[in-house]
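As structure tokens, the structure follows; a few thoughts come after it.
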Protein chains: 2
Amino acid sequence: MLLRIDPDSSAALYDQIAGSVRREVAAGRLAAGERLPSARDVAEALDVNLHTVLKAYQLLRDEGLVEMRRGRGAVVSARADAFAELRAEAAALVARARTLGVGADALAALVRTAAEEA
Amino acid sequence: MLLRIDPDSSAALYDQIAGSVRREVAAGRLAAGERLPSARDVAEALDVNLHTVLKAYQLLRDEGLVEMRRGRGAVVSARADAFAELRAEAAALVARARTLGVGADALAALVRTAAEEA
DNA sequence: TAGTTGTTATAGAGGAACTATAACACTTAC
DNA sequence: GTAAGTGTTATAGTTCCTCTATAACAACTA
């Protein structure tokens with residue numbers, strides 16, 4: 001489990017943390033059923049407040065990627081498998097966008113727009 | 001040109017406006033070379049501040065979707081054609097994600113993550 | 001020349017993000 | 001049972017972004 005954040009990024013810290021977890025899941029380095037490091041451990045490792053990590057975890061929970069219960073910690077949900085499956089297709093779309101001169105920001109916005117239409 | 005915003009949405013107003021323009025472009029209702037309505041007109045129509053509209057336009061410029069020059073207005077760039085081409089593929093990815101139980105937020109985040117990796 | 005456009009500057013109100021501390025409820029391991 | 005570890009909730013303060021408001025400026029068009 002490698003979680004990275006860039007304090008100079010314009011993206012919110014909790015978004016960066018959530019993004020790190022998604023990256024691990026999509027890459028298959030974090031499979032369904034596995035347990036995430038405790039929020040307190042992550043907070044200490046990244047030198048960030050506990051609540052910031054918890055907000056990231058809750059965001060992932062809202063997305064259905066992890067399940068959380070107090071006392072037990074955060075566990076990657078079964079939906080993670082679907083997430084990993086989508087990875088290759090997402091990467092293909094990114095590559096295709098790149099050949100057309102469309103950057104990451106624009107593509108992500110386009111996908112979000114497409115999702116809102118359906 | 002139909003620009004809509006939802007004041008109750010959690011999304012930033014300038015993001016909603018930019019999203020509206022992307023939607024028009026992706027749907028082919030706004031083609032390369034066409035001119036966007038002036039920021040002042042949009043601001044008045046949506047009952048929003050001029051700067052909020054300009055921030056949306058500047059965001060689209062950073063994405064390469066429009067070109068702006070003072071006195072002349074904002075014009076849809078040639079890259080818009082590529083944008084429209086990507087629309088169908090983006091929609092297909094969204095549909096596939098939906099069958100796997102992955103929502104819009106999670107998918108958009110995944111695409112952004114995939115883009116950052118490459 | 002007159003009108004329209006994006007650009008830049010300044011200032012303020014409101015809300016979100018992040019931090020900090022503390023207590024609580026549930027689970028696991030001993 | 002007890003202790004340690006977990007997410008959950010509460011409160012409060014600081015900082016930063018969003019949005020508004022006003023004004024002037026520079027480039028283009030008719």
Side-chain angles (χ1 to χ4, degrees), chain A residues 1 3-21 30 33-77 80 105 109 112, chain B residues 1 3-21 30 33-77 80 105 109 112:
Chain A
M1 263 303 288
L3 298 184
R4 284 173 295 175
I5 59 172
D6 174 15
D8 296 331
S9 169
S10 64
L13 291 177
Y14 74 90
D15 253 335
Q16 295 186 50
I17 296 172
S20 276
V21 174
L30 198 54
E34 284 190 50
R35 189 170 166 280
L36 294 179
S38 85
R40 282 179 176 82
D41 285 351
V42 174
E44 189 178 9
L46 297 181
D47 194 26
V48 154
N49 192 269
L50 165 65
H51 289 357
T52 303
V53 180
L54 282 175
K55 186 164 185 181
Y57 278 17
Q58 286 157 5
L59 181 61
L60 294 169
R61 180 189 57 188
D62 292 344
E63 293 175 0
L65 198 59
V66 304
E67 292 167 0
M68 301 167 71
R69 288 188 192 169
R70 47 183 156 187
R72 218 186 304 185
V75 179
V76 179
S77 79
D105 288 342
R112 185 170 287 276
Chain B
M1 262 303 290
L3 298 183
R4 284 172 294 176
I5 58 173
D6 174 14
D8 297 331
S9 169
S10 65
L13 290 177
Y14 73 91
D15 253 335
Q16 295 186 50
I17 295 171
S20 277
V21 174
L30 197 55
E34 284 191 50
R35 188 170 165 280
L36 294 180
S38 86
R40 282 178 177 82
D41 285 351
V42 174
E44 189 178 8
L46 298 180
D47 194 28
V48 153
N49 191 268
L50 165 65
H51 289 0
T52 303
V53 179
L54 282 175
K55 186 163 186 180
Y57 279 17
Q58 286 158 4
L59 181 61
L60 294 169
R61 181 189 55 187
D62 292 344
E63 294 175 358
L65 198 59
V66 305
E67 292 167 1
M68 301 167 72
R69 288 189 193 169
R70 45 185 157 186
R72 217 188 304 185
V75 180
V76 179
S77 79
D105 289 341
R112 185 171 286 275

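Below, chain A is the first sequence line, B the second, and so on; all start at residue 1.
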Can you check whether B/L59 reaches B/K55 side chain to side chain, under 4.5 Å on heavy atoms?
no
A/S77 side chain to A/E67 backbone, donor-acceptor under 3.5 Å
no
When the distance from CD1 of A/I5 to C1' of C/dC18 is rounded to whole Å, what number comes out?
11 Å
Is the shortest side-chain N/O distance from B/K55 to OP1 or OP2 of D/dC19 below 4.0 Å?
no
Quickly work out the A/D6 CG to C/dC18 P distance and round it to whole Å.
13 Å
Protein within reach of the bases, or only the backbone? For nucleotides 4-10 of chain D, mark each nucleotide 5' to 3' as B, S or -, using heavy atoms under 4.0 Å.
-BBBBBB
Under 3.5 Å, which donor-acceptor pairs do the side chains of residues 43-50 of chain A form with other protein atoms, sequence neighbours left out?
{"residue": "A/N49", "atom": "OD1", "partner": "A/H51", "partner atom": "N", "Å": "2.9"}

A/Q16 and A/L3, any side-chain heavy atoms less than 4.5 Å apart
no
Between B/L60 (CG) and C/dG6 (P), how many Å, whole number?
13 Å
Within a reach of under 6.0 Å around CZ of A/R69, are more than 12 heavy atoms found that belong to other residues, nucleotides or ligands?
no
Rounded to the nearest angstrom, tell me the gap between atom CD in A/E44 and atom P in C/dT19.
14 Å
Starting at CD of B/E67 and ending at P of C/dT7, how long is that distance when rounded to a whole Å?
12 Å
Determine: side-chain N/O of B/T52 to OP1/OP2 of D/dT18, distance under 4.0 Å, yes or no.
no
Within less than 4.0 Å of OP1 or OP2 of C/dC18, is there a side-chain N or O belonging to A/Y14?
no
B/D8 CG to C/dG15 P, straight-line distance once rounded to whole Å
13 Å
Got A/L30 and A/L36 here, is their nearest side-chain heavy-atom distance under 4.5 Å?
yes
